[in-house]
2 protein chains.
Amino acid sequence: MARVRLIDVAELAGVSMKTVSNVVHDYPHVAPALRSRVQSAIDQLGYRPNLTARRLATGRTGMVALAIPEIDHPYFSELSRHIAEEATRRGYRVLIEQTLSDPTAERAVLGDREAGLVDGVIFHPVQMETLDIAKLDAGTPLVLLGEAAMPVMTDHVMIDNVQAALDATRHLLSSGRRRIAFLAVTADDITGSTSQRLLGYQQGLLEAGVRLDPALVLEATEFTAEAGVRAVTEAIVRGVEFDGVMCRDDRFAIGALKALQAAARSVPADVAVVGWDNTALASYTSPTLTSVSPDKAAIVVAAFDLLEERIAGYRGVGRHVVVGHSLVVRESAPGH
Amino acid sequence: MARVRLIDVAELAGVSMKTVSNVVHDYPHVAPALRSRVQSAIDQLGYRPNLTARRLATGRTGMVALAIPEIDHPYFSELSRHIAEEATRRGYRVLIEQTLSDPTAERAVLGDREAGLVDGVIFHPVQMETLDIAKLDAGTPLVLLGEAAMPVMTDHVMIDNVQAALDATRHLLSSGRRRIAFLAVTADDITGSTSQRLLGYQQGLLEAGVRLDPALVLEATEFTAEAGVRAVTEAIVRGVEFDGVMCRDDRFAIGALKALQAAARSVPADVAVVGWDNTALASYTSPTLTSVSPDKAAIVVAAFDLLEERIAGYRGVGRHVVVGHSLVVRESAPGH
DNA sequence: CTTCCAATGTACAGCGCTAGAAACTTTCCT
DNA sequence: AGGAAAGTTTCTAGCGCTGTACATTGGAAG
């Protein structure tokens with residue numbers, strides 16, 4: 001069966017296309033009798049407006065692209081859920097663009113790929129830097145997430161990573177920990193998130209009068225739980241002593257828990273562990289994980305607010321919105 | 001700046017729109033000199049084809065919708081990743097449709113929502129039943145995932161749940177377990193997955209000559225780790241004895257591990273635990289989780305194969321493809 | 001020196017819908 | 001009753017691109 005078009009309905013109902021369109025759009029000035037006649041023609045034919053055609057005519061697509069490195073990373077999948085729900089609430093659909101942290105894919109997000117396809121893009125870059133983005137930004141409304149890049153003209157939503165790391169470090173210090181490891185820095189991490197978290201960690205130690213020990217800043221090969229296990233295990237083998245671990249994300253924290261368990265160190269009695277992102281994983285572990293919790297719902301709302309202003313025509317300089325965070329205290333690093 | 005259109009490029013290059021279009025599409029019969037002249041006009045103007053317009057003209061959207069209950073459920077987020085990668089490989093983009101297991105949202109997926117928007121839909125229903133889907137299917141190519149529904153005319157990809165549950169049960173039996181609990185049935189579960197897994201479990205016990213004990217089929221209020229904790233804890237409190245737990249998904253298995261740990265039962269020494277889905281969670285727990293592993297990559301490939309045949313015009317009866325599964329053995333239920 | 005054909009380029013009619021202007025009706029007021 | 005205002009419906013020009021039908025050209029073949 002061929003698709004039913006507006007004009008088919010119009011012919012059946014004996015009216016013009018515009019009148020059918022008015023009925024479809026609930027335009028107020030349609031006589032009740034006509035309205036019901038048109039409506040029954042719509043029902044009879046099973047008419048569904050062709051959204052692509054509507055888009056071409058209106059110029060609005062009703063879609064936003066969400067470009068993230070990995071859809072199955074717990075943080076991003078939870079963020080995606082918020083995005084999907086907020087998008088539905090605001091009448092958008094979500095196109096997923098998985099970059100896998102690949103520079104080419106990231107560039108493509110901003111380049112030709114979204115031409116006329118979406119009304120806006122929410123993008124969490126990993127590899128692209130500020131200048132790259134500024135150069136490629138093609139005019140499609142864009143909101144950046146995370147800390148990797150912040151071009152002057154582009155809107156941006158983030159949490160205060162330094163402050164959050166400071167909060168977490170103070171929490172560990174306040175429970176009496178003094179030898180706190182940082183898990184972990186990686187060689188190719190240019191995102192800036194890690195260095196900000198490291199900064200907050202160092203700041204916390206300094207303000208408590210604790211000497212910084214480079215041996216406590218662990219190195220990992222990649223962002224996985226397994227790499228976290230290896231980093232902590234090696235530190236233990238090397239004889240590094242520590243009574244707390246501040247992790248840059250929950251998966252590292254899970255690695256830390258595993259490594260400590262394997263080394264027969266008790267958590268939190270011997271070593272306290274703090275994660276980051278407060279993903280569902282944090283409540284799945286035993287002991288459950290104390291974790292820095294970025295306000296994901298607020299991130300998403302702020303991102304959509306900025307995006308919709310851009311879509312509505314705002315052309316000014318980039319706004320940089322900092323949303324809240326908290327520390328969710330669980331078993332791995334209880335209060336003192 | 002207004003968008004650059006095909007006709008703008010054509011005017012600058014002094015050729016027809018169609019010639020520009022031919023250059024854009026790498027149509028072979030364009031003279032090299034002309035081609036480079038057009039190309040430089042494209043570059044000079046920064047022309048990007050408007051995909052919406054192309055869609056309207058060609059009738060193909062290059063998009064598929066993925067309709068799943070929860071994007072942040074580990075199984076679905078891992079599945080989504082496979083979908084996103086396979087879609088990229090085949091030249092599609094993915095529109096995410098989160099149903100939250102809501103019947104209205106599920107109905108909307110098949111009804112008006114995707115009209116002309118996507119070339120096909122990959123849908124994992126939870127609430128909709130066979131007849132519902134058959135009634136609403138509007139002609140957009142559709143592939144169903146999971147066990148909830150299988151209308152005669154609709155393509156469908158699944159694993160052999162009964163066999164997989166049988167495999168898992170045999171594994172537990174072969175390591176000497178005889179009192180194996182099933183975690184869990186829920187009141188409102190109409191998906192059929194659970195009952196098939198339960199069937200395989202029972203079949204495994206019967207063929208080993210183990211008497212079925214209804215007390216071992218636990219009940220949970222919902223599909224969460226917490227509900228799993230409660231179900232297992234209550235069983236222990238009721239004095240139900242068991243030395244194995246066969247879980248319908250990994251999150252229940254995590255609940256089981258937590259409940260057993262709280263009750264000072266050792267895993268796997270006292271109780272062996274098998275999960276289902278083999279999500280990343282299975283390697284995050286301690287002990288790590290033995291888990292039934294549906295071949296997610298194969299599911300996705302099969303789904304796209306079927307979908308593309310439908311897109312290409314196949315109109316026959318539904319094909320029902322069963323893809324492989326395996327049991328990934330880890331610490332929670334080691335081999336004998 | 002025609003004839004034919006392949007290679008190359010152009011013209012233009014849609015794809016299905018929207019939205020503003022124009023046309024026609026009815027209602028209301030004086 | 002006359003006319004303006006308000007309400008209702010039609011007409012139609014696009015939105016930007018594609019694909020078909022057709023025009024043109026330069027050789028190769030007969």
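Please read all numbers here as calculations on a predicted model, not as lab measurements. The analysis underlying the following values was restricted to heavy atoms, covering all of them including side chains, and did not include hydrogens, waters or symmetry mates. In what follows, chains carry the letters A, B, and so on, assigned in the order in which the sequence lines appear, proteins first and then strands, with residues in each chain numbered from 1.
For the pair A:Met17 CE and D:dC11 P, the computed distance is 11 Å after rounding to whole Å. B:Asp8 places its CG atom 11 Å from the P atom of D:dC15, with the value rounded to the nearest Å. Rounded to an integer number of Å, the gap from B:Arg55 CZ to C:dC17 P is 17 Å. Between the OH atom of A:Tyr47 and the P atom of C:dG16 there is a distance of 10 Å, rounded to whole Å. Rounded to whole angstrom, the span from the CG atom of A:Leu51 across to the C1' atom of C:dC17 amounts to 10 Å. For the pair B:His25 NE2 and D:dG16 P, the interatomic distance rounds to 16 Å; values are reported in whole Å. Counting to the nearest Å, the P atom of D:dC11 and the CG atom of A:Asn22 are 14 Å from each other. For the pair B:Glu11 CD and C:dT10 P, the computed distance is 13 Å after rounding to whole Å.
Contact annotation: A:Thr19 reaches the phosphate of D:dT10 (side-chain N/O to OP1 or OP2, under 4.0 Å).
Side-chain contact check for A:Pro141 versus A:Asp119: every heavy-atom pair is 4.5 Å or farther apart. A 4.5 Å side-chain heavy-atom check between A:Leu66 and A:Val121 finds every atom pair outside the cut-off.
None of A:Val118, A:Leu307, A:Thr140 except one satisfies the side chain to side chain contact (heavy atoms under 4.5 Å, CB included) rule with A:Val64; the exception is A:Leu307. Applying the salt bridge (charged side-chain N to carboxylate O under 4.0 Å, His left out) test between B:Lys296 and each of B:Glu85, B:Glu78, B:Glu86 identifies B:Glu78 as the sole match.
Each of B:Thr52 and A:Gly14 lies near DNA chain D, and the nucleotide nearest A:Gly14 is the one positioned closer to the 5' end. Of the residues near DNA chain C, B:Lys18 and B:Ala53, the one whose nearest nucleotide (by heavy atom distance) lies more toward the 5' end is B:Lys18.
You'll find that the side chain of B:Leu56 is closest to C:dC15, out of C:dT10, D:dG19, C:dC15. With distances taken from any side-chain atom of A:Ala57 to the nucleotides D:dT10, D:dT18, D:dC15, the minimum falls on D:dC15. The side chain of A:Tyr27 lies closest to D:dT9 when the candidates are D:dT10, C:dG9, D:dT9. Taking only side-chain atoms of B:Val15, from C-beta outward, the nucleotide of C:dT18, C:dT10, D:dT18 with the closest atom is C:dT10. Looking at the side chain of A:Arg5, the nearest of the listed nucleotides D:dT18, C:dG16, C:dG9 is C:dG16.
With a 6.0 Å cutoff to the six-membered ring centre and a 45° limit on the axis angle, B:Arg89 does not count as a cation-pi contact of B:Phe304.
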